[in-house]
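Just below is one structure, and these are the notes that go with it.
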Protein chains: 2
Amino acid sequence: MEVKNKQQGIKVVGDVLDIVGGKWRGQILAHLCDNPKRFNELKTVLNRITSSTLTKELRYLEDIKMVERKVIQETPMVVEYRLTKHGMSIKDLIKTIVEWGLKHREIVFKKN
Amino acid sequence: MEVKNKQQGIKVVGDVLDIVGGKWRGQILAHLCDNPKRFNELKTVLNRITSSTLTKELRYLEDIKMVERKVIQETPMVVEYRLTKHGMSIKDLIKTIVEWGLKHREIVFKKN
DNA sequence: AATACAAGTAGTTTTTAAGATACTTACTAT
DNA sequence: ATAGTAAGTATCTTAAAAACTACTTGTATT
């Protein structure tokens with residue numbers, strides 16, 4: 001790691017994991033990497049997430065400007081979530097995570 | 001993301017985050033990227049972690065074969081933790097996380 | 001008038017992660 | 001004999017994340 005201040009570099013890991021960690025955030029971001037998705041689309045692909053949890057996570061991601069919410073139709077109300085311009089910067093990180101995970105399955109899945 | 005099965009690729013995000021996520025695991029792995037460290041060294045650099053939490057996290061990382069524990073001296077007992085050969089594979093991922101975090105501080109730190 | 005749908009909200013409960021505090025073991029040094 | 005050190009363990013409590021269940025709003029359909 002060729003970072004000037006190593007201690008600070010390592011602390012930042014915790015901050016990034018606040019954004020991408022937890023049970024759902026990483027997955028939500030991963031799904032939005034491909035293309036925008038509606039609330040219920042997300043709810044379907046994220047098997048077993050509840051409405052309230054999904055709402056909470058999306059609000060958080062909006063607050064930190066990773067995701068934006070756009071009402072695309074008033075009636076029936078249709079809402080679309082997409083990565084912000086800034087949020088797009090997470091794509092490579094997500095990709096790295098997915099690649100590592102697929103390559104190291106036998107261990108990743110150990111817990112099961 | 002040029003992964004064959006996208007759904008599966010995304011699910012793996014959750015599994016990887018089990019390994020690297022939480023309040024401490026990412027930081028522990030990051031510290032071990034540089035070189036092996038003793039229990040109390042880790043305890044010192046990980047400001048405010050308790051013994052019991054550190055032990056728990058290290059045992060988990062051992063269980064999944066990311067980290068190995070080596071008694072290097074019986075008395076006074078000295079124990080060293082290091083990444084396994086397999087664990088080394090996480091270095092690039094940690095590096096990517098750190099880099100993203102440093103670059104996007106203004107947002108990462110928003111919560112404070 | 002009743003039903004359905006999208007996108008939620010509200011309130012409560014359960015589960016999990018992490019923290020606090022105190023103790024332990026095997027030894028060495030004073 | 002007492003204190004100190006490294007690396008823990010054992011319990012218990014607290015706090016935070018996620019789940020569960022039910023309800024809401026506005027509109028359109030049968």
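Convention: sequence-line order gives letters A, B, ...; per-chain numbering from 1. Reckoned from all heavy atoms, side chains included, excluding hydrogens, waters and symmetry mates. Bear in mind that the values here come from a model prediction, so they are computed numbers and not experimental data.
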Nearest of [options] to any side-chain atom of [X]?
X      : options                  : result
V78(B) : dA18(C), dG8(D), dA6(D)  : dA6(D)
K23(A) : dA6(D), dA18(C), dA18(D) : dA18(D)
P76(A) : dA18(D), dA7(C), dA6(C)  : dA6(C)
T55(B) : dG19(C), dT9(D), dA7(D)  : dT9(D)

Closer than 3.5 angstrom, by distance alone: can the side chain of T96(B) be matched with the main-chain N or O of L93(A) as a donor-acceptor pair? no
For [X] and [N], what is the distance between atoms [atom1] and [atom2] respectively, to the nearest whole Å?
X      : N       : atom1 : atom2 : result
N47(A) : dA19(D) : CG    : C1'   : 14 Å
K37(A) : dA6(C)  : NZ    : P     : 17 Å
L17(B) : dA17(C) : CG    : C1'   : 16 Å
Q73(B) : dA7(D)  : CD    : C1'   : 13 Å
M77(A) : dA4(C)  : CE    : C1'   : 17 Å
F39(B) : dA6(D)  : CZ    : C1'   : 9 Å
L54(B) : dT21(C) : CG    : P     : 18 Å
K56(B) : dA20(C) : NZ    : P     : 12 Å

For [X] and [N], is the shortest distance between a side-chain N/O and OP1 or OP2 below 4.0 Å?
X      : N       : value
R38(A) : dA7(C)  : yes
R25(A) : dA17(D) : no
Y81(B) : dA6(D)  : no
R48(B) : dA20(C) : no

Using a heavy-atom cut-off of 4.0 Å across all strands, would you classify [X] as base, sugar-phosphate, or nothing?
X      : answer
R59(B) : sugar-phosphate
E41(A) : nothing
T75(A) : sugar-phosphate

Heavy-atom check, side chain of V20(A) versus side chain of R25(A), under 4.5 Å: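 Heavy-atom side-chain distance check fails, nothing below 4.5 Å.
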Answer yes or no: is there a side-chain heavy-atom contact under 4.5 Å between V79(A) and K70(A)?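 Answer no - side chains too far apart.
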Would the base of dA18(D) count as contacting S52(A) through its side chain, where contact means a donor and an acceptor less than 3.5 Å apart?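 Answer no: no donor N or O sits under 3.5 Å from an acceptor.
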Specify whether Y81(B) and F39(B) have parallel, tilted or perpendicular ring planes, treating 30° as the upper limit for parallel and 60° as the lower limit for perpendicular. tilted
Verify the cluster assignment for I97(B) and L102(A): are they in a single hydrophobic cluster under the rule of side-chain heavy atoms below 4.5 Å apart? yes
